[in-house]
Amino acid sequence: KMAEFLNLTQLKTSLKETILFDYYTAGFWWAKEMNFSLIQISGFMGLLNFALENLSIRRMTLGDNVKELERAVTGIRETESEEGGDLNLFSIDQGKAIVDFLFSSLFQYYKAYEYLFHVRREEPVLSNE
């Protein structure tokens, strides 16, 4: 269902789609384990998407992306995205846990994700056709 929702149609042959599927699925199950409500899960998934779009579409540096995430989580100001923070959505402890999750999942491997989105690779040959 996650692959369907994310419109990932080439999971078996696309490394990029497989990595994105893993990223969002890990985030979803982490939020479930944190006992987030449905609204909180939705907000958290929006934050995951926000951070990934900052990297892939806006090509933000790690530092700029962390700053934007901080603004989104704390609700300091409106961010460029509609997924901006809602002060009543997460507790302070939940906000800290979210930041920790993003640091251990996306930000720790930022260079690898940059490579995934911005370095052109040759397509592997899967068959003679």
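Here, residue 1 is the first one in the sequence, and each next residue gets the next number.
The shortest side-chain heavy-atom distance between Q40 and S37 falls under the 4.5 Å cut-off. Between I19 and Y113, the closest side-chain pair of non-hydrogen atoms falls below 4.5 Å. When side chains are defined from C-beta on, W30 does not count as touching T25, because their heavy atoms never get closer than 4.5 Å. In this structure, V66 and V99 have side chains that are not in contact, with every pair of non-hydrogen atoms separated by 4.5 Å or more. Contact annotation: the side chain of F117 approaches that of K16 to within less than 4.5 Å [non-hydrogen atoms, C-beta and beyond].
Using a cut-off of 4.0 Å between Lys/Arg side-chain N and Asp/Glu carboxylate O, R71 and E68 are scored as salt-bridged.
The CZ atom of F50 sits 7.5 Å away from atom CG of L69, with the distance rounded to the nearest 0.5 Å. To the nearest 0.5 Å, atom CD1 of residue I98 and atom CG of residue D93 are 11.0 Å apart. Taking CG from L89 and CG from L47, the interatomic distance works out to 8.0 Å, rounded to the nearest 0.5 Å. Interatomic distance, CG of N54 versus OG1 of T61, reported as 10.0 Å (0.5 Å rounding). Taking CG from L52 and CZ from R58, the interatomic distance works out to 10.5 Å, rounded to the nearest 0.5 Å.
Judged by distance alone, with hydrogens and angles left aside, the side-chain atoms of H118 form a donor-acceptor pair with the main-chain N or O of L55 at under 3.5 Å.
I39 and M34 fall within the same hydrophobic cluster, where Ile, Leu, Val, Met, Phe, Trp and Tyr residues are linked whenever their side-chain heavy atoms come under 4.5 Å apart, directly or through other members. Linking Ile, Leu, Val, Met, Phe, Trp and Tyr whenever their side-chain heavy atoms come within less than 4.5 Å leaves I57 and L116 in two separate clusters.
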Expected list for residues 101-110: side-chain donor-acceptor pairs under 3.5 angstrom, two or more places apart:
{"unit_1": "S104", "atom_1": "OG", "unit_2": "D100", "atom_2": "O", "d": "3.3"}
{"unit_1": "S104", "atom_1": "OG", "unit_2": "F101", "atom_2": "O", "d": "3.1"}
{"unit_1": "S105", "atom_1": "OG", "unit_2": "F101", "atom_2": "O", "d": "2.8"}
{"unit_1": "Y110", "atom_1": "OH", "unit_2": "M60", "atom_2": "O", "d": "2.8"}
{"unit_1": "Y110", "atom_1": "OH", "unit_2": "N65", "atom_2": "ND2", "d": "3.1"}

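For F90 and F36, the gap between ring centers is short of 6.0 Å. Taking the six-membered ring for Trp and the full ring otherwise, the centers of Y24 and W29 sit at least 6.0 Å from each other.
In terms of the side chain to side chain donor-acceptor pair (under 3.5 Å) criterion, D22 has no residue partners (sequence neighbours excluded).
When all heavy atoms are compared, the tightest approach of A31 to I41 is CB-CG1, 3.9 Å.
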